[in-house]
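A short write-up of the structure that comes next.
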Amino acid sequence: MAYLQWTENLSVGIARMDEHHKKLVDLINQVFDAMSGDASAAVDSVLADLLDYTRYHFAEEEKLLAACAFPDLEEHQAVHRSMVKEVMEMRSRHLADPASVTASETLDFLSKWLMRHIIGKDLRYRPFAENHSAI
Ligand SMILES: [Fe+2]
Ligand SMILES: [Fe+2]
């Protein structure tokens, strides 16, 4: 099974944010590994870790966007909020009925969840963050 991978074309030009994104990739792969096993308690705990780290990353990223006067900060924040909700819903579904959420579907869902956001949204802040002396 091919795990999700971070590649250079996903770089937002800020090393710390790239490190956060790599950690999210790692956590998504851990969710897949946990779901491929048969201990559903492990799945819930790694989904909780993914949610915690996602909230941390989004908060740090929003601080950075505010510091570099990124013009679409509000829209970006709204997208972050709905992404957190999506994972919370998936976690609830899994808790209610672990068999209803398969490992490969989840990997597919979380891969798109992260990659579409980095490529479609995060890469847009690159020119603002790169040229800002405070970062
Ligand atoms: Fe973001
Ligand atoms: Fe991000």
Side-chain angles (χ1 to χ4, degrees):
M1 179 70 205
Y3 286 99
L4 185 58
Q5 280 190 328
W6 186 91
T7 48
E8 220 31 68
N9 63 326
L10 297 170
S11 175
V12 293
I14 311 293
R16 206 165 68 87
M17 292 299 107
D18 285 343
E19 289 312 308
H20 285 191
H21 291 153
K22 288 176 196 170
K23 171 80 179 173
L24 287 169
V25 164
D26 184 47
L27 284 164
I28 288 171
N29 287 329
Q30 285 182 39
V31 171
F32 175 74
D33 273 343
M35 281 192 173
S36 306
D38 45 20
S40 56
V43 175
D44 192 59
S45 120
V46 76
L47 282 173
D49 291 347
L50 175 64
L51 267 169
D52 282 349
Y53 196 80
T54 296
R55 288 192 179 101
Y56 164 73
H57 167 61
F58 286 172
E60 291 298 299
E61 196 172 72
E62 287 164 18
K63 274 187 223 163
L64 179 139
L65 297 187
C68 65
F70 180 64
D72 299 325
L73 174 58
E74 275 185 30
E75 186 222 321
H76 204 111
Q77 282 172 317
V79 173
H80 282 170
R81 279 195 296 273
S82 77
M83 288 174 75
V84 168
K85 249 193 223 161
E86 284 182 289
V87 176
M88 285 170 67
E89 280 162 14
M90 199 260 277
R91 187 184 177 199
S92 305
R93 247 193 343 267
H94 177 265
L95 268 179
D97 180 9
S100 70
V101 186
T102 71
S104 61
E105 273 168 16
T106 303
L107 182 65
D108 186 56
F109 162 73
L110 288 173
S111 302
K112 287 177 183 148
W113 173 84
L114 182 63
M115 293 303 155
R116 281 185 184 150
H117 183 68
I118 295 177
I119 294 166
K121 300 286 179 191
D122 285 352
L123 284 175
R124 292 193 198 166
Y125 67 68
R126 183 177 176 137
F128 295 88
E130 262 179 350
N131 297 322
H132 201 275
S133 55
I135 310 302

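None of these values were measured; they are calculated from a predicted model. In each ligand, atom 1 is the first atom listed, and ligand 1 is the first ligand listed.
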* **Arg126 atom CZ, neighbour heavy-atom count above 12 within 6.0 Å** => yes

* salt_bridge(Arg16, Glu19) N-O dist < 4.0 Å -> no

* Considering only NZ, NE, NH1 and NH2 on the basic side and carboxylate oxygens on the acidic side, decide whether Asp108 and Lys112 come within less than 4.0 Å. => yes

* When you check the space around the Fe ion (ligand 2), which protein N, O or S atoms turn up under 2.8 Å? -> His21 NE2, His57 NE2, Glu61 OE2, Asp122 OD2

* Residue pairs involving residues 78-99 (criterion ring-ring contact (aromatic ring centres under 6.0 Å, His included); sequence neighbours excluded) -> Phe58-His80, His76-His80, His80-His117

* Looking only at heavy atoms, which two atoms of Leu50 and Ile28 are closest? And how far apart? -> CD1-CG1, 4.3 Å

* To do: Report the C-alpha separation of Leu107 and Asn29 in whole Å, then their side-chain angles, then the decisive distance to 0.1 Å, and conclude whether the side-chain contact (heavy atoms from CB on, under 4.5 Å) test is met.
  => CA-CA 7 Å; Leu107 182 65; Asn29 287 329; 4.1 Å; yes

* Structure fact -> Rounded to 10°, the NE2/His76 to the Fe ion (ligand 1) to NE2/His80 angle comes out at 90°

